[in-house]
Structure formats: C-alpha cells, structure tokens
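Below you'll find the structure, written out as structure tokens, and then a few comments.
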Amino acid sequence: MSDTPVDNSKRTWLIASSCAGAVGGIAAAVPFVASFQPSEKAKAAGAPVEAHIGTLQPGEKMTVEWRGKPVWILRRTQQQLAELPKLDPQLADPLSLRNPAEQAPPYARNGTRSIKPEYLVVVGICTHLGCSPSDKFQPGPQPSLPDDWEGGFFCPCHGSTFDLAGRVYKNKPAPDNLEVPRHMYLSDATILIGADDEKA
C-alpha cells in the first residue's frame with residue numbers, strides 16, 4: 001500500500017464528478033421508469049369520472065368531462081318530467097330502440113332515458129356532425145324553434161332539436177338521440193360516469 005498522499009484537488013474533482021454522474025444517472029432513469037406508467041391523459045381517456053350532484057337544483061344543468069366529451073347532467077323539474085310522454089308522437093325514437101347499443105344502456109331505454117327520472121345524463125354532442133347543442137330549457141315560441149316548444153336542446157349548426165330526455169325530433173338532420181353513457185349512482189349525491197353494474 002502506497003503512503004503517497006492524495007492530491008486534495010484531485011480528490012475534490014473525483015467527488016464532484018462522481019456526484020454529477022450519480023445525479024445524471026438518476027435524472028436519466030426517472031423518465032425511463034416513468035414511461036412504464038400510463039400518463040394522466042391516458043388514464044383520464046377511459047377512466048370513469050365521479051360527478052357530485054348534491055347541490056344541483058331542479059332545472060339546473062352541470063357539465064363534466066369524460067373521455068374528452070362533455071357529459072350533461074340535468075336535474076329535471078316535475079313539470080318538465082310531466083311533459084315528456086306528451087312529446088312521443090313528435091320524436092324519431094322515443095325509447096332509444098333504433099340503435100340501442102349506441103344510444104343508451106338497457107336501464108336508460110325508457111321514456112325518461114334515465115335510472116332516476118329526475119336526472120338526465122347524456123353526452124352533449126349532436127349525433128349529426130358532432131356539434132354541441134345549446135340549452136333551450138324555456139318553453140314557448142323562440143327563434144328557430146316551434147311555437148309549441150316544451151324545452152330541450154337546439155343544435156344551431158343544422159337545426160336538430162332534442163327534448164329534455166335528449167330524444168331527437170322527427171325529420172331533423174341528427175339520426176339518433178343523444179348518447180346516454182353508462183353510469184351508476186354511488187350515493188344520492190354522486191354519480192359515476194363511464195361504469196355501471198351491468199355485465200353486458
């Protein structure tokens with residue numbers, strides 16, 4: 001073993017370069033290891049989303065994002081619900097039976113297109129060319145709407161109209177009703193959008 005003293009400047013240089021190498025190695029490894037994990041965007045693309053509806057008042061609508069799409073949750077009033085059956089003769093597909101797999105899960109193939117009649121849950125994208133319809137909840141005559149309008153949604157792009165169950169009126173460009181996504185109630189105040197208890 002040599003008794004030759006180590007040059008202090010060399011020692012400092014060796015320690016500094018070793019530390020820099022270690023830091024550089026860790027910095028290079030972190031992105032590599034992280035690449036094995038799905039990104040937040042990828043997780044959000046298909047993951048179910050919770051919506052808290054506890055403060056939603058009758059007649060109010062909220063929007064949440066699921067799979068990059070707007071999902072509308074409308075808490076309908078009792079008066080709005082009472083009008084829905086009267087509209088059936090004017091609608092193209094009142095019970096969502098024309099394209100059931102695309103329009104609504106089994107539990108939403110009814111007159112209110114919902115699990116709980118009070119709450120409508122639909123994807124807010126017109127089935128014609130993918131525009132987003134506007135809220136037209138106020139009944140009565142309005143520009144571009146019929147005089148006997150009972151409230152619903154109006155797509156300004158090509159004039160498709162939907163009632164407050166997201167059902168398209170006859171003789172409109174939109175071929176189908178607004179989509180009802182799979183969903184379930186986790187509690188009276190929370191809906192999970194994108195998943196349900198159905199096996200099919």
Do you know which two heavy atoms are closest between [X] and [Y], and how far apart they sit?
| X | Y | value |
| --- | --- | --- |
| Ala174 | Ser160 | N-OG, 2.9 Å |
| Pro133 | Cys126 | CD-N, 3.7 Å |
| Ser144 | Phe154 | CB-CZ, 3.6 Å |

Nearest 0.5 Å please: distance from the CD atom of Glu50 over to the OG atom of Ser187.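 The distance works out to 8.5 Å.
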Could you tell me the separation between the OG1 atom of Thr77 and the CD atom of Gln57, rounded to the nearest 0.5 Å?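 Going from the OG1 atom of Thr77 to the CD atom of Gln57 covers 12.5 Å.
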Could you tell me whether a side-chain N or O of [X] sits under 3.5 Å from a main-chain N or O of [Y], the two making a donor and an acceptor?
| X | Y | answer |
| --- | --- | --- |
| Glu83 | Gln80 | no |
| Lys170 | Pro89 | yes |
| Tyr185 | Ile115 | no |
| Asn177 | Val168 | yes |

Given side chains that start at C-beta, do those of [X] and [Y] come closer than 4.5 Å, heavy atoms only?
| X | Y | result |
| --- | --- | --- |
| Val122 | Glu179 | no |
| Pro156 | Ser134 | yes |
| Leu145 | Thr161 | yes |
| Ile193 | Ile73 | yes |
| Leu84 | Thr112 | yes |
| Leu91 | Asp163 | yes |
| Leu178 | Trp72 | yes |

Can you get from [X] to [Y] by hopping between Ile, Leu, Val, Met, Phe, Trp and Tyr side chains that sit under 4.5 Å apart?
| X | Y | result |
| --- | --- | --- |
| Val71 | Ile191 | yes |
| Trp149 | Leu87 | yes |
| Trp66 | Ile125 | yes |
| Met62 | Val123 | yes |
| Ile53 | Val49 | yes |

Test log, rule side-chain contact (heavy atoms from CB on, under 4.5 Å), inputs Ser96 and Arg113: CA-CA 8 Å; Ser96 299; Arg113 302 186 77 228; 2.7 Å; yes
Pairs involving residues 115-127, ordered by first then second residue, that meet side chain to side chain donor-acceptor pair (under 3.5 Å) (sequence neighbours left out):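 Side chain to side chain donor-acceptor pair (under 3.5 Å) check on residues 115-127 returns Arg75-Glu118, Lys116-Asp188.
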Using salt bridge (Lys or Arg N to Asp or Glu O under 4.0 Å) as the criterion, list what pairs up with [X], not counting sequence neighbours.
| X | result |
| --- | --- |
| Glu102 | none |
| Arg109 | none |
| Asp88 | Arg167 |

Between Gln142 and Gln138, is a side-chain contact (heavy atoms from CB on, under 4.5 Å) present by the stated rule, with each step listed? CA-CA 9 Å; Gln142 297 167 61; Gln138 183 66 38; 4.2 Å; yes
Go through the steps for Gln103 and Arg98 under the test side-chain contact (heavy atoms from CB on, under 4.5 Å), then give the verdict. CA-CA 8 Å; Gln103 288 190 36; Arg98 190 159 54 193; 4.1 Å; yes
Show, in sequence, the C-alpha distance, side-chain angles and deciding distance for Leu120 and Arg76, and conclude whether the side-chain contact (heavy atoms from CB on, under 4.5 Å) test is met. CA-CA 7 Å; Leu120 172 68; Arg76 295 175 284 207; 3.7 Å; yes
Hey, could you give me each pair passing salt bridge (charged side-chain N to carboxylate O under 4.0 Å, His left out) that has a residue in residues 124-145? Not counting sequence neighbours. Lys61-Asp135
Once salt bridge (charged side-chain N to carboxylate O under 4.0 Å, His left out) is applied, what residue pairs with a partner in residues 137-149 remain, sequence neighbours excluded? none
For residues Phe153 and Phe137, establish whether the separation of their ring centroids is below 6.0 Å.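 Yes, close enough.
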